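Quick note: numbers below take in every heavy atom, side chains included, and nothing from hydrogens, waters or symmetry partners. Residue numbers begin at 1 in each chain, while the letters A, B, ... track the order of the sequences. The structure displayed is predicted, hence computed values, not measured ones.
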Number of protein chains: 2
Amino acid sequence: MVSKLPRKETSRKPNMREAILAAAEELFSVNGFNAVSVRDIAQAAGANPGSVTYHFKTKDGLLLEIYQRHCAPMNLRRSELLAAAKRIRDPQDRLEAIVRAYVLPAFSSGSDLAGGGARFTRLRATMSAEGNEVARRIIAQTFDETSHAFIDAICECLPAVPRTEIVWRSHFLLGALYYTLVTPERVSRLSRGDADGSDAGEAIEHLVQATVASFQAPALDRPELARPRPATPPKARANPGPVVPR
Amino acid sequence: MVSKLPRKETSRKPNMREAILAAAEELFSVNGFNAVSVRDIAQAAGANPGSVTYHFKTKDGLLLEIYQRHCAPMNLRRSELLAAAKRIRDPQDRLEAIVRAYVLPAFSSGSDLAGGGARFTRLRATMSAEGNEVARRIIAQTFDETSHAFIDAICECLPAVPRTEIVWRSHFLLGALYYTLVTPERVSRLSRGDADGSDAGEAIEHLVQATVASFQAPALDRPELARPRPATPPKARANPGPVVPR
DNA sequence: CATTTGTTTGTACTATTGTACAAATAAGTC
DNA sequence: GACTTATTTGTACAATAGTACAAACAAATG
């Protein structure tokens, strides 16, 4: 990654810039952007506050750099996996492979290696919830393209399901993914110890299985699929309960 | 809306306390806890900064009050809907009604009325992502009980699916729910306008349908269901791709 | 060696933060 | 009316925020 090869791999200069990035990534992903001060980051990285300013100019610049560091490699990884998945003949198997290709890089825990990684995904989740402006811009730019590619690939597996439906369901997938990375301990708690929310392997398998099933469900049989919707509220089959709010 | 009927419907004293709560709820849910200052809240509520301190003592106290204002009514509403759903005979229909009972109060948009409401749910999502300590304490206390009730009810509909599996899938449901409230515009964007992520009715229907399908999926057919897992990686049926990370 | 370049340190500045508190005002009670 | 209580205002304070910048230091090149 670093352009010019370092003269000797001395331990005395462990690349402060990298340490700051790693510390910031960790702190941001756990506490959010605003709760973490530049001084917190510097301390966690064993650096001087001024050093952060030197390398990244501003706090926003630091966040930006974290994104730019991860986005390209992660999307590349996803594309590779997606391409491999698309080569599978059987639509059923292909669908599962596609979902796996989407989920896997998001969970991979390469410390700071190019595969994306759970920490970065968690950071994205947190920034998304905080409504971070820097993050919002980058996400729409960088991820929508990949998202569309996955949606298209899934659509091909499920010709009966309209694209809009796939969009919704893959949106749910991303939400589930994010939330699992943000609050893994909740799974452990609610399962009374039978599951470990922090176990990436476990989470991936359950998530893939559940998501594939949701994708394969028949589309909403409401005649008003698209935007203009009639006044009749969607009638739940056997639920006499209250009507949709608003 | 205002609880105690005001002496005369003068516009001069519109219950400042309530206005502050509403403003804080809105601001927190959109920007997170840390990005919003007490002064921001006061200004949005048309109040004086000191007034916030007077009513809620601290900023944490304000957040606490928001939770306490909503938790009880919302869980009550959920319990009612759950009880009604459980009376449905057919397991298939019952499952859908249960899921709907879980989802509906979270989306209801009663301005600040007792039904819970999308704004409060969004706030919970944001606090959860930020790792807010005040929120974390209340959530584990207040919501786990309801969550267990729902999980149990779902288990009864699906005797073939182990409880752990249900826990995972309902966790995914909550994540999807949260994310849809946090980033509704993403759905609109990715669907190229065919769907409206901010339309609660639309979101609920898609979410319920997808979730019910995911619940009905057969459990992972891995012999190592519980915690101790052997070394053999879970073999995806047709995916020759990379093994589970870490 | 001297010089240049890149990095780290220390400190300082201004803005904003949460909170405290006294004074002012409104509301309610007798 | 006078008196008490509740609320709102205005201002102040200490702490912390992000950032700027000069000095110190390190490394490499000539």
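By the 4.0 Å N-to-carboxylate-O rule, B:Glu26 lies too far from B:Arg122 to be salt-bridged with it. A salt bridge does not link B:Glu65 with B:Lys57: every distance from a Lys NZ or Arg NE/NH1/NH2 to an Asp or Glu carboxylate oxygen is 4.0 Å or more. Ion pairing between B:Glu130 and B:Arg136 fails under the 4.0 Å rule for side-chain N and carboxylate O. Looking at A:Asp194 and B:Arg163, no side-chain N of the basic residue comes within less than 4.0 Å of a carboxylate O on the acidic one, giving no salt bridge.
We find that OH of A:Tyr54 is positioned 12 Å from P of C:dT5, with the value rounded to whole Å. In this entry the distance linking CG of A:Leu62 with C1' of D:dA17 reads 15 Å, nearest Å. With rounding to whole Å, A:Leu27 atom CG is found 16 Å from D:dA17 atom C1'. Rounded to whole angstrom, the span from the CG atom of A:Asn15 across to the P atom of C:dT7 amounts to 9 Å. In this structure, CG of A:Leu63 is placed 12 Å from P of D:dT19, rounded to the nearest angstrom. Across the protein-nucleic acid pair, A:Ile41 atom CD1 and D:dT16 atom P stand 17 Å apart, rounded to whole Å. Atoms NE2 (A:His55) and P (D:dT19) sit 16 Å apart, rounded to a whole Å.
Comparing A:Ala35 and B:Asn48 by the nucleotide of DNA chain D that holds the closest heavy atom to each, the one mapping nearer the 5' end is B:Asn48.
A heavy-atom distance below 4.5 Å is not found between the side chains of A:Thr146 and A:Tyr102.
For the pair A:Arg124 and A:Tyr178, the cation-pi criterion (under 6.0 Å, within 45° of the ring axis) is not fulfilled.
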Every protein N/O within reach of nucleotides 18-20 of chain C N/O, cut-off under 3.5 Å:
unit_1: C:dG18; atom_1: OP1; unit_2: B:Lys59; atom_2: NZ; d: 2.8
unit_1: C:dG18; atom_1: OP2; unit_2: B:Val38; atom_2: N; d: 2.9
unit_1: C:dG18; atom_1: N7; unit_2: B:Arg39; atom_2: NH1; d: 2.8
unit_1: C:dG18; atom_1: O6; unit_2: B:Arg39; atom_2: NH2; d: 2.9
unit_1: C:dT19; atom_1: OP2; unit_2: B:Lys59; atom_2: N; d: 2.7
unit_1: C:dT19; atom_1: O4; unit_2: B:Arg39; atom_2: NH2; d: 3.4

